[in-house]
Amino acid sequence: MHVQPTFITTPIYYVNAQPHLGHAYTTIAADVYARHMRQRGEDVFFLTGTDEHGDKNARVAAEQGLTPQQFVDGSSAAFRRMTNAVLATQDFFIRTTDAGHMAFVQRFLQTLKDNGHVYEGVYEGLYCTGCEAFYKEEDLPGGLCPDHGTKPEWLQESNWFFRLSAFQEPLLAHYDADPAFVRPAARWNEARSFIAGGLEDVSLSRASIEWGVPLPWAPDQTCYVWFDALLNYASALTYARPGEDLTERYWPPRWQLLAKDILKFHAVIWPAMLLAAGYALPQRLMIHGYLTVRDTKMSKSLGNVLDPFAVIDRYGVDALRYYLLRDVRFGGDGGISYDAVHERYHAELANDLGNLLNRVTAMIGKYRDGIVPDAQCEPGIAAAIALASESVARHVHALELTEALDAAWVVVRDLNRLVEDRAPWTLAKEPARADELDTVLYTLADGTRACAILLAAVLPDSAPRMLAALGASDALDWGQAVANALPAGARIAAAGPLFPRIEEPLGGDAN
RNA sequence: GGCGGAGUAGCUCAGUUGGUUAGAGCAGCGGAAUCAUAAUCCGCGUGUCGUAGGUUCGAGUCCUACCUCCGCUACCA
């Protein structure tokens, strides 16, 4: 098989806030893609991490009596714990305070300048000394700073600017040449019309902020945090493996995942930066929607967070991963709730899938002493597996993760239906039909095994347990996503419910 | 204001390039079965497809206007 390099990224998370479900959501989606592609034998590099510069962090650190570095060390660790908790398999966890990243940012900025895309200019606006930040007039109710209640002053600051305007035409050309550059199509539209509406140059430095990467030619200024942050996608490859530059191997990213609130930075400024420095553009940007609770955007300040750690504690990590991808069509907005987690967990994971494994292993235990009989998978189920394998692969490749789950679930339903249609308990009473029973039992065991392969990227905790219960190989490669891969004579080793029923739902007020 | 989305069964949503009786899951009602985590399987939906027009042999699917909700409208990230 031809091994393809596959580079996939999540945004790096701004450490000013605590990790919440929104962060976990993007990370899980990217991880499903990465795991799936590894199953397919591709050479995957999955990148996530934290964005740590900027004035906000410096101020919060000061409030807590910490140095900025101490503060971001602690916050970044919290994000790394979240990443681990959802079983993400990133190949590198980048921090923008890494020396390797900061050195790359400086080199990159110097390249932009050498290429003639950077000039010195004046940024002016309303400036609040308390916030140490510029504001737009419409963001100041009553003309006063919302945080400090003071009147901002009109300030001018000398800054270095990135000639974004020069890339309007090249960006439009790229968009028109590749209508799939940004997915879903509605976001492509949104980004393209923004570009077509005219691009202004943007300042890429700050004179008043110290917590950042100094400009190489003007160390009194620091790199604007968004430039700093976006560059992580490229910088990581240069130093993730000491002594090795992975850029040649993995650049450009096949998929970059992000939520729609940061579309403009990724779909306009980021590609312009890459063009300016002579980099190939990412192949695809996937813009997913918001998870909403009672029609309100998920956000901690609104106090309506659905706590990913609580879901993991109560239902298990696979339940969280499954739920998020199943209940909200990936790419769109969708409502979530603890009640819905509870329902999906029981109706689909426990009743459909967990119970399937349980009844299949129980019957093989009862009718064949726990030994998988020597038989062939029934053609109908074999065909369903083949169809699902193709369909799941196609959908995951396009990051249509909800559709991929649907495609895999068809087999789960088919197998439950097969149990009813063939009624093994009846066959078991008729010794003359032993061959028939062998075929049914083998089909059920083999089909359930195939489901584990199909779902392994979403259910990394449960899939290996399914395989173990069926006495199957623990290999997860996509070549196993076919019928008749379970060896006859395999010994069943059932071990309790895969997804035990949960009496008490989470929530209360959050529902 | 401008640009862009969305409005489809009680709920959550699918509905490619316009074409047979508009679909799925959940919930609800009825039934079957008993291997299983009381799980499973089968059957049951006349919905003014936001409103009013228009184009067409034919529109949820294209056009116009309007109503409602939402996002973006650039340097906190």
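Throughout, protein chains are lettered first and strands after them, A, B, ... in sequence-line order, and every chain is numbered starting at 1.
- Here A:F499 and A:H346 keep their ring centres 6.0 angstrom or further from each other.
- B:A77 atom C1' lies 11 Å from atom CZ of A:R206, rounded to whole Å.
- Among the nucleotides B:C72, B:C35, B:A77, the one closest to the side chain of A:E190 is B:C72.
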Pair up each side-chain donor or acceptor in residues 221-230 of chain A with any protein partner under 3.5 Å, not counting sequence neighbours, and list the distances.
unit_1 : atom_1 : unit_2 : atom_2 : d
A:Q221 : OE1    : A:N159 : ND2    : 3.4
A:Q221 : OE1    : A:S205 : OG     : 2.4
A:Q221 : NE2    : A:S158 : O      : 2.5
A:T222 : OG1    : A:I209 : O      : 2.7
A:D228 : OD1    : A:H101 : NE2    : 2.6
A:D228 : OD2    : A:H53  : ND1    : 2.4

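- The shortest distance between the side-chain N/O atoms of A:N355 and the OP1/OP2 oxygens of B:U40 is not below 4.0 Å.
- Side-chain polar atoms of A:E403 and A:H395 form no donor-acceptor pair below 3.5 angstrom.
- B:U40 atom P lies 12 Å from atom NE2 of A:H346, rounded to whole Å.
- Each of A:F108, A:W270, A:F265, A:F104 was compared with A:Y233 under the ring pair (Phe, Tyr, Trp, His ring centres under 6.0 Å) criterion, and only A:W270 meets it.
- Taking atom NZ of residue A:K260 and atom P of nucleotide B:G4, one finds them 16 Å apart after rounding to whole Å.
- A sub-4.0 Å separation between OP1 or OP2 of B:C76 and a side-chain N or O of A:Y224 is absent.
- Evaluation of atom-type donor-acceptor distances gives a pair under 3.5 Å for the side chain of A:K56 against the base of B:C76.
- Ring centers of A:Y25 and A:F330: under 6.0 Å apart, within the cut-off.
- Here B:A36 is the nucleotide among B:C75, B:C41, B:A36 with the atom lying nearest to any side-chain atom of A:A362.
- Across the C1' atoms, B:A24 and B:A38 are found 26 Å apart, a figure rounded to whole Å.
- Near RNA chain B, meaning a heavy atom under 4.0 Å away, there are no residues from residues 428-448 of chain A.
- Within the 4.0 angstrom heavy-atom criterion, no nucleotide atom of any strand lies near A:D421.
- As a whole-Å value, the separation of A:D55 CG from B:C75 P is 16 Å.
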Could you go through nucleotides 22-28 of chain B and list every protein N or O atom that sits under 3.5 Å from one of its N or O atoms, giving the distance for each pair?
none

Protein-nucleotides 5-9 of chain B N/O pairs closer than 3.5 Å?
unit_1 : atom_1 : unit_2 : atom_2 : d
B:G5   : OP1    : A:N189 : ND2    : 3.4

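- Each of B:U40, B:A74, B:U37 was ranked by its minimum atom distance to the side chain of A:N416; first place goes to B:U40.
- Pairs of Watson-Crick or G-U wobble type, with distances under 3.5 Å, assemble into runs of 3 or more in RNA chain B at these ranges: B:1-7 with B:67-73, B:10-13 with B:23-26, B:28-32 with B:40-44, B:50-54 with B:62-66.
- For A:R417 and B:U40, the shortest distance from a side-chain N or O to OP1 or OP2 is not below 4.0 Å.
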Donor-acceptor pairs are to be reported for all side-chain atoms of residues 353-365 of chain A against protein atoms at under 3.5 Å, with residues two or more places apart or in another chain.
unit_1 : atom_1 : unit_2 : atom_2 : d
A:R359 : NH1    : A:N416 : OD1    : 2.9
A:R359 : NH2    : A:E420 : OE2    : 2.8
A:T361 : OG1    : A:L357 : O      : 2.9
A:T361 : OG1    : A:N358 : O      : 3.1

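- Rounded to an integer number of Å, the gap from A:E403 CD to B:U16 P is 13 Å.
- Closest approach to the A:V225 side chain among B:A74, B:A77, B:C41 is made by B:A77 (side chain taken as heavy atoms from C-beta onward).
- Atom-to-atom distance recorded for A:R59:CZ and A:N16:CG is 8.5 Å, nearest 0.5 angstrom.
- Between B:U73 and A:K264, a contact under 4.0 Å exists linking OP1 or OP2 to a side-chain N or O.
- For B:U40, neither phosphate oxygen OP1 nor OP2 lies less than 4.0 angstrom from any side-chain nitrogen or oxygen of A:R359.
- The cationic group of A:R80 lies under 6.0 Å from the six-membered ring centre of A:F93 and within 45° of the ring axis, placing it in a cation-pi geometry.
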